Amino acid sequence: MNYDHNKIEKKWQKRWMDSGVFEAKDDSDKPREYLLIEFPYPSGAGLHIGHPRSYTALDVIARKKRMEGKNVLYPIGWDAFGLPTENFAIKHGRKPQEVTKENTDTFRRQLQSLGFSFDWSREINTTDPEYYKWTQWIFMQMFKHGLAYKDKVAINWCINCKIGLANEEVVGGACERCGGEVEKRSKEQWMLRITQYADRLIDDLKSLDYIEPVKTQQKNWIGRSEGASIKFSLPDVVEEEYGPEHAQNFLEVFTTRPDTVFGATYMVIAPEHDMIEKYADQIENIKEIRDYIRQAGKKSDFERADAGKEKTGVELKGMQALNPLTDERISIWVADYVMAGYGTGAIMAVPAHDERDFEFATKFGIKIVDVVEPQEKVEGCFAGEGTAVNSDFLNGLSTVEAKKKITDWLESYGIGSAKVQYKLRDWVFSRQRYWGEPIPMVHCENCKTKSKYGDGWLPLPESELPLTLPEVDKYEPTDTGESPLSKIEDWVNTECPECGGPAKRETDVMPNWAGSSWYFMRYAAPKSDEMFGVNNWKRTEIQPDELDHRLFDLFEHMQSLLGEHDVSIWASGSLMINGINKELWRHMHDLDLFVLGSDFDKALKILRDDGFVVHEEDRGWNRIEKDGCQVELVPAYHLSGDVYTHLRDKSLPPEIRQQTLHKQDMELSDRGFLWGTSFKTLSPKSMLEHYEFLHETFPDTREGKEDDEKIKFLQDYLKSPLNYWAPVTWYNGGMEHTTLHLLYSRFWNKFLFDIGAAPTNEPYEKRTSHGLILAEDGHKMSKSKGNVVNPDEIVEKFGADALRIYEMFMGPFEEPVPWNMNGLVGAKRFLDKIVGLSGVFVDAEPDDVTRELHKTIKKVTEDIENMRFNTAVAQMMIFVNKCKESGAVTKESFEKFLRILCPFAPHLANELADQLGYDGMLEAGEWPKYDAELVVDEVVNIAVQINGKLRGEVQAAPDASQDEVERLARADTNAAKYLEGDIKKVIYVPGRLINFVV
RNA sequence: GGGCGAGUGGUGAAAUUGGUAUACACGCCAGUCUUAGGAACUGGUGCCGAAAGGCGUAAGGGUUCGAGUCCCUUCUCGCCCACCA
């Protein structure tokens with residue numbers, strides 16, 4: 001029966017909006033559930049038919065979870081800064097602000113027409129100054145913590161877009177956005193030190209419920225490899241000519257196979273390597289080398305990376321290196337198969353055990369020495385693991401053993417050390433564009449030497465945020481690479497926040513990954529002026545005194561000393577609370593360090609050797625002094641699961657001074673990073689308990705009094721919406737964001753956690769991914785191909801419910817599926833059939849209809865949780881077919897069915913329930929439960945097999961005994977024919993089959 | 001070249017994870033109806049065969065009473081990365 005979808009869909013959308021049923025409460029006795037989809041970029045093209053796939057999926061989950069009694073947050077917003085809008089605006093001579101408003105209006109209307117249960121009261125927009133105020137605030141914190149820095153780097157420059165691109169935005173040597181040519185340019189850029197978080201970004205994946213492909217892609221992207229760095233000396237360099245600063249002339253390389261160093265018969269440096277110009281006088285064929293470098297520079301990364309092409313290179317004449325193990329002189333080559341950006345930009349080449357080196361050595365006739373023997377003989381190059389040969393004291397060792405031994409050896413002679421290397425690079429954060437967040441930094445020549453930050457760059461005072469984007473008439477980028485903002489003089493020229501003198505603003509803006517790196521937090525408190533603080537807590541800027549500075553330096557010095565030796569240190573509780581209250585400096589006086597138990601003696605030795613005075617105190621405590629600063633060092637027996645904290649008051653008995661924090665308190669804790677320093681951060685909840693404990697036990701001590709304030713802060717903090725909602729419980733999005741947005745936002749979240757602004761170490765507990773919707777021709781939908789499906793037309797003709805049902809039914813959620821208009825017709829037909837059922841009800845329905853209903857409830861309930869929406873819809877179709885077939889269903893059964901239909905087709909389900917006289921909205925009702933006894937059939941078909949081949953079928957109860965089924969099977973005339981010989985064995989699977997082996 | 005994923009009717013796909021292969025839907029064929037609609041309804045629809053039966057999950061081999069599912073070899077397609085030492 002056909003129904004007027006347009007009329008009923010509008011009606012219910014209005015009711016949902018007016019009643020506010022989908023508005024989440026910041027405080028509730030119900031369990032919380034935070035469901036998140038990637039907020040869209042409101043492009044001028046309008047909503048893509050692929051958007052609703054992800055949105056419907058989580059909408060189904062959100063609606064079901066609400067009916068199951070959860071307090072659900074399912075928010076929506078706009079990731080609205082970015083190039084396409086800016087380019088469109090330039091082309092049409094309009095303001096990006098206006099274009100963005102139009103686009104978001106269209107998107108909002110389109111999304112609302114699909115009936116998603118978003119909490120529209122929390123709608124956010126990254127281009128809203130009240131929003132980007134906090135994006136700027138976060139950047140500023142990063143700067144203050146040394147994670148944002150300016151650096152002159154070779155960047156990817158898109159000639160067409162006139163913009164610097166992150167490595168990730170260069171696809172196959174071309175610009176990801178416009179497909180245009182990309183060249184290398186050197187420019188001062190703001191960089192974010194994401195590499196500092198590389199280890200944690202990998203290690204913390206373990207505890208997360210992300211689908212495997214996401215985890216492996218992130219791991220591979222970060223690309224951690226463990227190996228060693230080795231210094232090869234350069235015997236030909238004449239020391240006097242290069243002065244004392246060059247007394248240590250060597251070429252350093254990184255290798256994952258230090259065990260093969262005996263087979264290193266030559267070395268290769270990247271064309272960009274600085275030793276070429278440094279030793280230009282020494283190199284006899286410098287002209288030839290420079291020619292080669294020039295040619296290599298002309299090639300794009302893409303051409304250079306073309307693995308199929310033949311290797312090229314030139315030998316440096318007049319310079320050789322010394323293999324420290326064989327004492328042989330080996331040649332040095334420049335070749336573009338070695339890249340400047342990875343490791344040291346130089347390698348030791350072991351042609352016997354590396355395919356690239358093998359190819360190169362074969363071409364240029366360089367000696368090849370086998371130093372690893374494989375298990376089985378192989379031809380040519382062998383890159384695997386085996387047994388060391390021709391390697392002096394390594395001979396006979398396995399690859400793993402040899403790596404360890406040679407690394408120790410290198411370390412003991414000071415010519416190498418174990419090293420971890422990453423593929424991940426720091427994040428180029430500047431864009432020479434207009435439509436982005438202004439970077440809230442000021443450059444003051446006068447403060448260059450005086451400021452604590454050193455290079456003249458100063459953050460704006462927080463009170464000046466947001467630094468709003470000035471409205472201008474012309475905002476086209478320039479050929480020179482200057483940002484459009486640089487032309488607005490009265491904006492660029494400003495006062496220095498430190499000395500009041502003339503200063504200039506930063507004119508680059510942030511990339512559009514910035515706003516999306518923390519938006520999930522903004523949803524928790526979309527209008528808050530105290531986003532990362534609460535109530536009356538004032539985040540006062542405390543000026544560090546001279547002692548603070550010295551402590552700070554000392555602390556950094558210790559860190560660099562210990563870090564070099566791979567000794568882990570954590571700062572103590574006093575620093576943890578500082579992470580939250582920002583009153584960092586005050587507590588620097590009380591700084592303690594925890595040192596990993598097993599490394600404690602080593603740490604002491606290193607510090608003693610460096611001139612620290614170590615006073616042994618009681619119970620393994622050590623006070624360390626240098627230059628008038630004191631730091632306490634405490635062994636933390638982390639490996640045994642406990643970490644100790646302590647009180648300073650020596651008059652107290654030791655067992656009270658030293659309180660053990662149990663492992664369970666540490667659950668939410670994690671290693672953090674502060675000024676390049678590892679420390680252990682407790683969760684705010686553990687901290688609160690800790691301070692409450694101290695406060696109650698020692699109310700009169702100095703710390704006990706201060707704890708009042710801390711406790712109040714933590715109590716407020718724990719009540720804050722951000723703390724309530726974080727982390728996101730389920731985040732669904734595209735695989736294409738795995739190594740960009742998803743990684744960036746994990747990085748920002750970790751940083752904010754470390755400084756106490758975010759309550760959790762990880763932003764998302766669970767991550768799933770949807771497949772693309774392709775065009776009917778199986779290709780990607782694109783305007784240029786003219787194969788784009790318009791969602792407005794679909795909603796108009798078939799209705800939002802039909803579109804939702806179809807998108808859930810079309811195939812497995814995580815797989816790409818081609819769009820098919822006929823499939824949509826089928827979905828509409830299914831809905832019409834339901835309307836047809838709704839007419840007449842019976843007082844008593846057949847048993848099999850009831851059983852089918854309970855099976856359906858069970859299957860739909862389970863399938864939604866596992867995102868198997870296609871089979872959930874199929875099962876609902878089976879139920880509807882069953883009802884039609886038997887022509888009888890009770891009102892009660894049908895109503896239950898409407899409740900499980902509701903997440904998929906909410907408009908129709910509500911309309912029909914309303915017609916039945918259902919009181920209120922289905923969304924406010926309960927999710928139906930199934931009766932476990934009714935989900936199994938009374939009688940099932942049991943297959944009769946002879947030697948595994950199907951020969952008959954009998955009916956029996958699912959739990960029938962083997963004897964009974966065997967008897968029935970023998971009575972089956974068809975099967976009996978095959979049962980004449982000896983029966984060797986009978987296999988019976990209850991409710992499934994019986995198999996006779998004859 | 002590396003990593004991940006996938007190959008099942010004419011099509012999108014199911015298959016309780018080792019237990020009756022092709023559920024559900026589309027399409028197609030035949031029929032009914034007329035309010036010609038992107039209609040509805042009924043029946044049929046893996047292949048060969050008149051039937052009995054046989055053959056069928058990319059190809060080949062293996063384990064098993066039994067394999068779409070597990071193991072080995074090969075091929076094809078998709079996505080991501082790509083000279084990462």
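Please read these numbers as outputs of a predicted model, since none were measured by experiment. Sequence lines set the chain letters: A, B, ... in the order given, protein chains first and strands last, and positions in each chain run from 1.
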(request) Check step by step if salt bridge (Lys or Arg N to Asp or Glu O under 4.0 Å) holds for A:Glu736 and A:Lys780. (result) CA-CA 14 Å; A:Glu736 70 273 20; A:Lys780 268 190 188 172; over 6 Å; no

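Out of B:G3, B:U17, B:U20, the shortest distance to the side chain of A:Asn941 is found at B:U20. Of the listed nucleotides (B:C24, B:C83, B:G66), B:G66 has the atom at the smallest distance from the side chain of A:Asn995. In this structure, of B:U20, B:G38, B:C41, it is B:G38 that holds the atom nearest to the side chain of A:Phe798. Which of B:C81, B:A85, B:C24 sits closest to the side chain of A:Asn881 comes down to B:C24. Checking B:A85, B:G27, B:C65 against every side-chain atom of A:Thr256, the shortest atom distance belongs to B:A85. With B:A85, B:C24, B:G38 as the candidates, the nucleotide lying closest to the side chain of A:Val825 is B:G38. Listed candidates were B:C83, B:C81, B:A6. Nearest to the side chain of A:Trp221 is B:C81. When the nucleotides B:C55, B:G19, B:G38 are ranked by their closest atom to the side chain of A:Lys949, B:C55 comes out on top. The side chain of A:Tyr342 sits closest to B:A85 out of B:C41, B:A13, B:A85. Closest to the side chain of A:Gln945, out of B:G19, B:A14, B:A85, is B:G19.
Using modelled atom types and a 3.5 Å distance limit, the side chains of A:Gln875 and A:Thr856 yield a donor-acceptor pair.
If you check every strand for non-hydrogen atoms under 4.0 Å, A:Lys884 touches sugar and phosphate atoms only. The residue A:Met348 sits apart from the nucleic acid: no heavy atom pair falls under 4.0 Å. Heavy atoms of A:Thr738 sit nowhere under 4.0 angstrom from any nucleic acid atom. Using a 4.0 Å heavy-atom criterion, one finds that A:Thr255 contacts the sugar-phosphate atoms exclusively. Looking at heavy-atom distances under 4.0 Å, A:Glu953 makes contact with a base. Nucleic acid contact class of A:Gly343 (heavy atoms, under 4.0 Å, all strands): none. Across all strands, A:Ile878 comes closer than 4.0 Å only to sugar-phosphate atoms, never to a base (heavy-atom distances).
For A:Arg53 and A:Glu807, the salt-bridge test fails: no basic side-chain N is under 4.0 Å from an acidic carboxylate O.
Under 4.0 angstrom from either OP1 or OP2 of B:C80 there lies no side-chain N or O belonging to A:Thr739. Contact annotation: A:Arg951 does not reach the phosphate of B:G66 (side-chain N/O to OP1 or OP2, under 4.0 Å).
Counting to the nearest Å, the C1' atom of B:A23 and the CZ atom of A:Arg868 are 13 Å from each other. The nearest whole Å value for the distance from the CD1 atom in A:Ile987 to the P atom in B:G18 is 17 Å. The CG atom of A:Leu740 sits 11 Å away from the P atom of B:C80 (whole-angstrom rounding). With rounding to whole Å, A:Glu776 atom CD is found 12 Å from B:G27 atom P. Atom OH in A:Tyr422 sits about 13 Å away from atom P in B:A85, given to the nearest Å.
In this structure, A:Phe360 and A:Tyr337 have tilted ring planes: the angle between them lies in the 30° to 60° band.
Between A:Leu993 and A:Asn870, the one whose closest nucleotide on RNA chain B sits nearer the 5' end is A:Asn870. Between A:Pro213 and A:Lys859, it is A:Pro213 whose nearest contact on RNA chain B lies nearer the 5' terminus.
A donor-acceptor contact under 3.5 Å is not formed by the side chain of A:Asn822 with the base of B:C26. Residue A:Lys423 places no side-chain atom within donor-acceptor reach of the base of B:C81, judged by atom type and a 3.5 Å distance cut-off alone. Taking 3.5 Å as the limit, the base of B:G38 and the side chain of A:Lys828 contain no donor-acceptor pair of atoms between them.
Judged by the 6.0 Å distance and 45° axis criteria, A:Lys828 is positioned over the aromatic ring of A:Tyr3.
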(message) If a pair means Watson-Crick or G-U wobble with both distances below 3.5 Å, what does RNA chain B look like in dot-bracket form, with | marking bases paired to a different strand?
(response) (((((((..(((......[....)))((((((.......))))))(((....)))..(((((..]....))))))))))))....

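Across every non-hydrogen atom of A:Phe358 and A:Cys381, the tightest pair is CG-CB, 3.6 Å.
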What does the list of N/O pairs under 3.5 Å between the protein and nucleotides 8-12 of chain B look like, with a distance for each?
unit_1, atom_1, unit_2, atom_2, d
B:G12, O2', A:Met810, O, 2.5

